[in-house]
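What follows is one structure encoded as structure tokens, with my remarks underneath.
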Number of protein chains: 2
Amino acid sequence: MSDKPTRARAPRNTLNPELIVTTALALMEAQGLEAFSVRSLAKELGVGPMALYTYFRSKDELFDAVRDHLLGARRLSAARGPWQEQVRTIATGLRQLLLEHPCLLRILASRPLKGQETAAATETLVRALREAGFSKENAARAHTMLFTFVLGAALWESQMNAEKQDREGRRRLRATMESLSAADYPTVVDLADELSRTSGGDAQFDFGLNALIAGLEPLLN
Amino acid sequence: MSDKPTRARAPRNTLNPELIVTTALALMEAQGLEAFSVRSLAKELGVGPMALYTYFRSKDELFDAVRDHLLGARRLSAARGPWQEQVRTIATGLRQLLLEHPCLLRILASRPLKGQETAAATETLVRALREAGFSKENAARAHTMLFTFVLGAALWESQMNAEKQDREGRRRLRATMESLSAADYPTVVDLADELSRTSGGDAQFDFGLNALIAGLEPLLN
DNA sequence: ACCTGAACACCGTTCAAGT
DNA sequence: ACCTGAACACCGTTCAAGT
């Protein structure tokens, strides 16, 4: 008679940090970071919402754990070689990781990094720069510039791709371009196609990365 | 006798788009974008939450309006001059705007831009590049690279600055650096000071911007 | 046209309590 | 130690209704 939709009490040790993190990640990938909630995660795991607080003190701490999980899973450091190659390998790898996991991108874009999560990649990159002859200061600056460039490029690409996913978004983008007056913005109108193509893609990323690397080379003299 | 805390009915035309947008902006600046809510905005304006839906179809549309308001308020385009100067002026101006308005930064980092909001700045920049001799394709790519670089750099800087605001955040950052094993990450440990200084600041931004500009110059031959 | 309250279907998190 | 339900103080938005 008691067909009240009440869950059976979950047995002890149903949960553990890994299970929570991987399930959270799966939910985030499936429905987007904004749709993710502690309560939906608890439901997916078959426990009450408060069960999770034994393992994580807050939702933010859970985000950090998901981020560290993703950053730790992939080796971003590269084989030895000229510094330009090391830069290219690490930057490309990071971009790939971020595009494969939009939720990681959004977490990085909303919370600070403490540093140890990416220490291996930083070590490879910064060592390559130092061995190539960059000063301590320039090596550190180049490293951070690289990172912020990849972050911004991937963030923009991911956002614009999402907008282009549905036909309504594509319509909005096209409508905006067509609404621009050729009298006020002649060059923008002339470059409409080219500008729209630069909102993402490997070619755009490589263009930026190459310019950045080329711009660092003079610092070696 | 009816001292129930009930608001007087707001007179007609208490609201208008500008008032809503500027009040929303003030709230976002005061308490942060994440703390901002439609309900808190309504309370601040002395109306019921639903009154706002006469002017904006959703919270997202309100975000877009705040973004457009901020982008429209500042002239980002520059006086004529060599393309390197134009690039520098526009990039620096955009960074400044983003750092002054962290909520604008967060909106840009979470929603796509349609384009007309920044058309004036884009026009100036892209025209300068075309007149300097860049191809259509390269001018467009350079423009977007610049934009994504500024976005990433400002986003990171703003986030790390926030973390450094409270002593707890500073402690976390320091603790992480000190926890890194010098055996595993010798170069990172050696560059700890330099790396920590690159998390923001004018010098770091100029370093990146200069490298970027220098990296574009070879494309003119 | 412009503003209203009530209601719906959610949130994250605190607290005291069960096992 | 690990999981629970109830409760608190919120959300954004729909709906039908007032003026």
Side-chain angles (χ1 to χ4, degrees), chain A residues 2-25 27-28 30-67 103 106-107 110-111 168, chain B residues 2-25 27-28 30-67 103 106-107 110-111 168:
Chain A
S2 88
D3 51 2
K4 193 163 62 129
T6 167
R7 226 176 353 94
R9 186 182 180 97
R12 258 164 185 264
N13 298 317
T14 322
L15 299 180
N16 59 66
E18 283 78 30
L19 178 65
I20 295 175
V21 166
T22 53
T23 310
L25 175 57
L27 278 178
M28 290 174 191
Q31 310 161 22
L33 191 65
E34 354 295 323
F36 171 81
S37 72
V38 173
R39 290 174 114 109
S40 66
L41 174 57
K43 183 179 279 182
E44 182 72 20
L45 288 164
V47 298
M50 290 320 296
L52 301 167
Y53 283 77
T54 308
Y55 300 88
F56 297 95
R57 275 200 297 271
S58 69
K59 196 187 184 187
D60 278 347
E61 212 167 81
L62 186 53
F63 282 141
D64 286 349
V66 168
R67 176 200 64 200
C103 58
R106 310 218 67 88
I107 294 174
S110 64
R111 306 184 45 71
E168 176 54 25
Chain B
S2 88
D3 48 3
K4 194 164 60 127
T6 167
R7 231 175 348 93
R9 187 183 179 98
R12 257 162 186 265
N13 299 317
T14 322
L15 299 180
N16 59 68
E18 283 78 30
L19 179 64
I20 295 177
V21 166
T22 53
T23 310
L25 176 55
L27 278 179
M28 291 173 191
Q31 309 160 23
L33 191 66
E34 353 294 324
F36 171 81
S37 71
V38 173
R39 292 176 112 110
S40 66
L41 174 58
K43 182 178 279 183
E44 182 73 19
L45 288 164
V47 298
M50 290 320 297
L52 301 167
Y53 284 77
T54 308
Y55 301 87
F56 297 94
R57 276 199 297 270
S58 70
K59 195 186 184 188
D60 278 346
E61 212 168 81
L62 185 53
F63 282 140
D64 285 349
V66 168
R67 176 201 62 198
C103 58
R106 309 219 66 90
I107 294 173
S110 63
R111 303 182 48 69
E168 178 52 26

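Keep in mind that what you see is a predicted model, and the values were worked out from it rather than measured. Values below: all heavy atoms of this structure, side chains included; hydrogens, waters and symmetry mates excluded. Letters A, B, ... mirror the listed sequences (proteins, then strands); counts begin at 1.
Residue contacts shown for B:A51 include a base, since a base heavy atom lies under 4.0 Å away.
Atom P of nucleotide C:dC2 and atom CZ of B:F56 are separated by 13 Å, given to the nearest angstrom. Between the CG atom of B:L52 and the P atom of C:dC3 there is a distance of 9 Å, rounded to whole Å. What separates NZ of B:K43 from C1' of C:dC3 is a distance of 18 Å, to the nearest Å. B:L19 places its CG atom 10 Å from the P atom of C:dC3, with the value rounded to the nearest Å.
Here NZ of B:K59 is found 11.5 Å from CZ of B:R39. Values are rounded to the nearest 0.5 Å. Rounding to the nearest 0.5 Å places CZ of A:R106 at 8.0 Å from OG of A:S110.
At C:dC3, one or more side-chain N or O atoms of B:T14 fall inside 4.0 Å of OP1 or OP2 (strictly under the cut-off).
Of the residues A:I20, A:T22, A:L33, A:L25, the one that meets the side chain to side chain contact (heavy atoms under 4.5 Å, CB included) test with A:V66 is A:L25.
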Inset, instruction - Report the secondary structure of DNA chain C in dot-bracket form, marking unpaired bases with a dot and bases paired to a different strand with |, and treating Watson-Crick or G-U pairs with both distances under 3.5 Å as paired. - result: ||.|||||...|||||.||
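Residues that satisfy the side chain to side chain contact (heavy atoms under 4.5 Å, CB included) test with B:T23, not counting sequence neighbours, are B:L19, B:L41, B:E44, B:L45.
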Inset, instruction - I would like to know whether A:F63 and A:M28 meet side chain to side chain contact (heavy atoms under 4.5 Å, CB included); could you show each step before the answer? - result: CA-CA 10 Å; A:F63 282 141; A:M28 290 174 191; 3.5 Å; yes
Inset, instruction - Test B:L52 against B:V38 for side chain to side chain contact (heavy atoms under 4.5 Å, CB included), laying out the working first. - result: CA-CA 8 Å; B:L52 301 167; B:V38 173; 3.8 Å; yes
Inset, instruction - Could you run through nucleotides 12-19 of chain C and give me one letter per nucleotide, 5' to 3': B if any protein heavy atom sits under 4.0 Å from the base, S if only the sugar-phosphate is that close, - if neither? - result: BBBB--BB
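Comparing C:dC10 with D:dA9, their P atoms sit 22 Å apart, to the nearest whole Å.
A:S40 places no side-chain N or O within 3.5 Å of a backbone atom of A:F36 that could act as its donor or acceptor partner.
Minimum heavy-atom separation, A:G46 to A:A10: O-CB, 4.1 Å.
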